[in-house]
Every structure is written in C-alpha cells, then in structure tokens.
2 protein chains.
Amino acid sequence: MRTVNVDLGDRSYPIYIGSGLLQHIGEYFKNHGISTKSPLMIVTDDHIAPTYLSSLESTLSAAGYESVSKIVKAGEPSKSLTVFEDVMTTAIEGGLDRNSTVIALGGGVVGDLAGFVAASYMRGIKFVQVPTTILAHDSSVGGKVAVNHPLAKNMIGAFHQPELVLYDLDTLQTLPPREVSAGLAEMVKHGLIRDGDFARWCREHSSELVALDPDALGYGLERGCSIKADVVSQDERENGLRAILNLGHTIGHAIEAVAGYGEYLHGEAIAIGMAGSALLAGRLGRDSSIYDETVSMLQSLKLPVTMAAHLSTDDIIKAMMHDKKFREGHMLFIIPESIGSVSIVKDVPVQLVRETIDQLREGGEVLV
Amino acid sequence: MRTVNVDLGDRSYPIYIGSGLLQHIGEYFKNHGISTKSPLMIVTDDHIAPTYLSSLESTLSAAGYESVSKIVKAGEPSKSLTVFEDVMTTAIEGGLDRNSTVIALGGGVVGDLAGFVAASYMRGIKFVQVPTTILAHDSSVGGKVAVNHPLAKNMIGAFHQPELVLYDLDTLQTLPPREVSAGLAEMVKHGLIRDGDFARWCREHSSELVALDPDALGYGLERGCSIKADVVSQDERENGLRAILNLGHTIGHAIEAVAGYGEYLHGEAIAIGMAGSALLAGRLGRDSSIYDETVSMLQSLKLPVTMAAHLSTDDIIKAMMHDKKFREGHMLFIIPESIGSVSIVKDVPVQLVRETIDQLREGGEVLV
Ligand SMILES: NC(=O)c1ccc[n+]([C@@H]2O[C@H](COP(=O)([O-])OP(=O)(O)OC[C@H]3O[C@@H](n4cnc5c(N)ncnc54)[C@H](O)[C@@H]3O)[C@@H](O)[C@H]2O)c1
Ligand SMILES: NC(=O)c1ccc[n+]([C@@H]2O[C@H](COP(=O)([O-])OP(=O)(O)OC[C@H]3O[C@@H](n4cnc5c(N)ncnc54)[C@H](O)[C@@H]3O)[C@@H](O)[C@H]2O)c1
Ligand SMILES: [Zn+2]
Ligand SMILES: [Zn+2]
C-alpha cells in the first residue's frame, strides 16, 4: 500500500492507495475516529452502484456502521443544486447528525457533489472519498467541492477537506477506456506543471497505464496525488500558486461549456486545453518543442489534442470571459516554460488567445 | 458611534452601530480594503428595497463602486435553494469575481441567504452585513449563514464571517412593531444567558426599546452583540459553549416548523421557547422565580409566552427529533440556572418535555 499525506495543518489527511482496501474500510474508519454512533451516508452513481455499493454497505455494516445510500444519475448534470437538495433530503431522512460522515463512492462528479453536501449539511460534517476513477486522484486532493450553476461550472462550492481518501485500485478495473484516458490527462498534467520526469514516465508507461496495470497505476496515482498535495499545501485557498493546477483548464472549461457537457469528458477537454496552452506558450516566445512533447505525451495516453470543427472561436472566448480565472477583467493563463514547469502569465492579449483557439480546431494549422 | 469587535483571530471583524452610518459606507469599505475594481452585489428584500436600496446604490456609486442588486421576496421562504440559485444568477450575470463583495441589506433572512451566497460563490467571497432589523444583531455575529431545506430550517449552510457590519440605527425606524418585539426577544436572550443585569435593563427600558429610542437601541444592540461575540469567540464552530445561544430555540424552532413559517415570527417562537425552557428548568428542580421573571421580561417587550391551542404536542416533539441539537438521539436542552446564567443539560427525559409543551399551550396550566 502507498500513502500520500496531504499536509494542511489541522486539516491534514492521508490518501491510501492500493488493492483490496475497501474490504478493510471499517478499520480505516476506526483509526480515523469515525464514530459508529452516528449514521453514515454513501453517495454514488448508477454506473457504480450495481458493482460496488452493496459490498461497501455490507462491509460497513459488519464493522458496526449504520448507513443510508443515495444513488444519483451518472454524469455531470448531477452536479446541480436540484440533485444537491435531493441528497440533502436523504441525509435528513437518514437521520445524519453533526457527527455523521458522508462517503463519496465514485468519480469526480460524486466527489464534488457529496463533498459540497458534507460541507453544507448542518454547516459542515465529515467527508471521506472513495475514488473510483483515475481522474478523481485530482479531485480527492485539495478539498475543492462544488456543484454547477446553469451559467457556469463549479460556481457554487466550498473548500472542505476529507478525513481520509481510500483509493482501492480494484475498483478501477471496470472503468471504460475513454474514462481511463480522461483521468490520465490530469495525471500527466501534474507532471507537466511540476515534474518533467514524471510526465515522461507517463509517456513511457502509457500502455501499462491505459491497460490499468496495478503497479503502474499505483505509482502514477501516488505521484499525481503527491504533486497536487504539494501545491495545495502551499496554497490551500487558491490565492496564488494553486492556480498552476489550472494548466489547460481555462480553454478546457470553455470547450466543455460550448460543446455542451457530454461531447467531451473533462479530461479530454483539458487535454485539448493543455495542447492549447503549449501553443500559446509558443506564441509568447517559449520553445516550440514544448508543444511537440506535450502532444506526444497526450497522444500516447489516447487523448485528443484538437477540438471539433463545429466549435466557434467567438463562443469559446465568450465562455472564457465568464471563467473565474479572469480576475478583474485580465486574461490570465498558465503557460508552460518547459516540460515540468509553468508560470502564471497575466494580461495575455486576447488576440493571441483567439489565434490559438483557431489553431486548435481540427484541421487547423498547428505549427507554431 | 459604538463599536463591537468580534474577536476571531484572522477572521475578526467590527460591528459599527450608530446613526447616519450608511451615508459613509464608501469610507468604511475603503478602510476595510474593499476594492473598487470588482463589482459588488447588494441583496435585499421587497419590503426594504423601496425605502433604502436606491440611496445605498447611489452612495456606493458616488464612492466609486459598481454594483448589481438582487431584490428577493420578503420573508422566510426566500431562504430556499431556489432563491439561492437566483441570487447566484445575478452574481454571475453581474460579473462578480473572487475579489467581489456581497452586501446583505436587510434582516436575518437576507443576511442568512446572502451570507450563504457569499460563502459559496466561487467557493467564498467577501461579505458585509447592513442589518435593518433588531433581530439581525443576533444573525450578524458569529458567521452562521444558511438556507432552509423543506424538511428542516437552516439545514444547509456554512460558517462565513463578514468583513464588517454596519448597523445604521436610522434604518430601524420603519420596522413594524411586531418585528421590533421579535428582535428584542434575541436581545433579552443574550441577557438571560450571560448577563442578568442586562436582561433586567431590557425590562426597565422596555418602553424606550419598543418605541425605537436611538439611545436605548444603540446600547441594547451593543450589549446584545457583545455578549454574543464573547460566546462565539470562545467557540466559533459550535463545538461546545456556543450551544447556550440556543436558549429557547429547540422548542422555538419546533413551534415555527409545526405552525408553518408565517404564523410566528422567529423571535416570537423563541420567546415562547424561552418561557418553555424556564418551565423545564422548574421541572428539573431549578427555582420557579426564573419562570416568573422570564415571563415578565418577555411580556414587557410585548412578546408571547404561550403558544396557539391548535399546535399539537406530538407534532412538536416530532419536529424536535429532526432538530440538529439532538446529538446521537439524546434530548439536549439549554436550561436557565438563574436570570443571567444557563447550563447545557443532556438527557432531558422526553416525558418532561412533553409536559412542558402541554403547559405552554394557551390556557394550559402554567404553575410549575
Ligand atoms: N474537486 C476538484 O478538485 C476536481 C478536480 C478535477 C475534476 N473535478 C471534477 O470531476 C468531475 C469529473 O470527474 P470524473 O471524470 O471522475 O467523472 P465521473 O464521476 O462522472 O466519472 C466518469 C464516469 O465513469 C463512471 N465510473 C466511475 N467509476 C467507475 C468505475 N469504477 N467503473 C465503471 N464506471 C465508473 C461514472 O459513472 C461516470 O459515468 C468534473 O465534474 C470535474 O469538475 C473536480
Ligand atoms: N445566522 C444567525 O446566526 C441567525 C440568528 C438569528 C436568526 N437568524 C435568522 O434570521 C431570520 C429572521 O430574521 P429577521 O427577523 O430579521 O427576519 P426578516 O429578514 O424576514 O425581517 C423581518 C421583516 O421585516 C422586514 N424589514 C426588515 N427591515 C426592515 C425595515 N428596516 N423597515 C421595514 N421593514 C423591514 C422584512 O422585509 C421582513 O418582512 C430567520 O430566518 C432566522 O433563522 C439567523
Ligand atoms: Zn481538471
Ligand atoms: Zn434565533
């Protein structure tokens, strides 16, 4: 088993990564002071529930925990205030009290939704993540939880750190291939921002990663979580450094919004966004090899690096204007300086961004 | 001008109390580092807006602040997730960013709603309270913000401290008499839990208070805020001591819920609840003079001390069971030990609570 400690003073917590962990969830809970006196709530989705829910319920029950479960529809639309209120209903009807714990069994959608429920139920109760996607190695570090507003993604949320994260590699084996690659996009992102060797390791081990080899996956998740934990522990509430984690996200979020949630997975959109950031880096005078290497890494993980022809540059620019990363009207981007290091560039001229978006379009001219 | 400092480490903030403060809101904002570069949002209700909104907007604008305003319907039903989402829409459309500030111009409803918006918009932005009710002297101290769930009041919320509170006594002059008394209920509550002399001062100055005399009001609000601030600074997240602020609230919330929001104002319901706590104190062996004194204080402020005959004891007990103050199934009450001091009593027998509720009913036997 591998352990990553997320170091946040009195909000610190461990991420346990390994096979067969869920069978011992009761012991982990007891070691982390989760009381059997208050009911738990498991939140999961209807893709995950059939395979993993009842066994989690029985393991918890055998360990002396009472629990209620809420199964939401799989997919991004469940990150809405309507579903949030439904989950709250289950919590109230299940008698959750201030000492209760919410367990997110699932990917980033369930994690973000259940986490915001835990942050707000009675003004905040305990939260445990049991990630079942690769992408969730990202969402399980840093305590960002949120639901979407019809006008903007992740607009309504909180910072709420979990008590612990139990990453059971066995649950990843059923993940569909597209979801696997989408999750690996955030993994390689962690290499691209802080650790060039790790980004190159991801490319070298891309076939094992894509094939869900437990050893490669265990190491990749550990490194990915560690890099993110390191950034977050220096800037818990995103006042500065933490922004580097948004590499590829400004363009990526805009693509997700304009394409309509569903056409691209989050990880796919940010893969395109990272290709875009590398293009933008070239326009801002950085070495063009950054773009070539970034693209080869993304492609080795079976990720897209161009966007569909029907997406309009105007719409994408407009969507970016709503993005929360534009403080006081300036266009701020995370720009790669080399593979493994990035900088925060304020005042990027909108014209360069436009040209980059044009180039990102399928069939667009990609030479920098 | 009077100032109360709420001492919460790096989340400390001042409450300014006096006449004519709103005319200088721009200076207060500048002294507290509120930037003119990011738009503000004013949240208020349709009783308050006609009298106070446009002058607040022009004062802010004259001071160089851009703002958008959201007017919600007056009343408790606006503390819903639906209205919360509407306010979020205004914030997004108004271009609020991470450096923006939400201003609550109103009573506890607007304060709780706008405060939860500020706590959750982009995971938390700045918040300023401009209370226009007496009751809001309570809600403006301590950072509790929330909306209601259809099944339970204040169930969805956060702790989010304001940057400052501007209590302009001039705005209180238009408050309807019932709202005045309801607000005074929380004021005398602060005396009842920590300062018997202040509770007696409230009774002695009840006619000035009810008549909104600025001197009496200024002093009463200052003392009320100070007592609450003192309790909150010892227990920001309600792990212990802060529970004493719930004197009268366990019964009061249940009465509000069963009567349907609307029949009783919050302050009226908790006045009945405080009479109930004093009765319960008698049943638990405390001096019966506590009840007599409590009732005389509440009545001097024109507050009810019995509840309507149509409310059933069963329904009220059931509503209490949902109440978040029952940790792990035990019935916990705040019980007066004398005028000016209370204790937290766990394991109050349900039978005593039933008998107390029966007695609280209009025409019930009130002798202890
Ligand atoms: N909070 C953060 O810091 C953070 C960081 C990154 C992403 N996110 C959020 O995460 C979300 C995306 O996360 P995601 O990609 O995990 O999405 P997801 O939770 O929707 O999971 C992707 C799909 O895989 C299915 N699935 C999950 N686990 C499975 C398994 N083991 N076997 C089979 N199917 C499985 C799900 O039902 C879903 O259909 C977005 O909403 C994004 O905003 C949050
Ligand atoms: N957060 C906390 O710590 C806390 C503490 C106590 C109460 N509360 C909450 O506060 C709410 C009750 O607060 P409230 O009594 O101030 O309610 P409120 O905000 O509904 O105001 C009462 C009524 O007076 C009107 N009004 C307000 N100011 C006015 C003015 N100056 N002139 C004329 N009319 C005016 C309002 O429109 C409303 O109709 C409840 O929802 C309660 O849960 C919160
Ligand atoms: Zn992401
Ligand atoms: Zn109250």
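Chain letters run A, B, ... following the sequence lines, proteins first and then strands; every chain starts at 1.
By the neighbour-count criterion of 12 heavy atoms within 6.0 Å, atom CD of B:Glu66 is sparsely surrounded, having that number or fewer from other residues, nucleotides or ligands. Within 6.0 Å of NZ on A:Lys73 lie no more than 12 heavy atoms contributed by other residues, nucleotides or ligands.
The contact between A:Val145 and chain B is made entirely by backbone atoms, counting heavy-atom distances below 4.5 Å. If you measure heavy-atom distances from B:Thr82 to chain A, you find no contacts under 4.5 Å at all. Only the backbone of B:Ala119 comes within contact range of chain A, with at least one heavy atom under 4.5 Å from a heavy atom of that chain. With a 4.5 Å cut-off on non-hydrogen atoms, B:Pro150 touches chain A through its backbone and its side chain both. Neither the backbone nor the side chain of A:Ser100 comes within contact range of chain B, judged by heavy atoms closer than 4.5 Å.
Applying side chain to side chain contact (heavy atoms under 4.5 Å, CB included) to B:Val72 and the options B:Thr90, B:Val83, B:Val109 leaves one that passes, B:Val83.
Put simply, the side chain of A:His137 does not reach to within 4.5 Å of the side chain of A:Lys228, judged on heavy atoms. Side-chain contact between B:Leu40 and B:Ile34 is present, with at least one heavy-atom pair separated by less than 4.5 Å.
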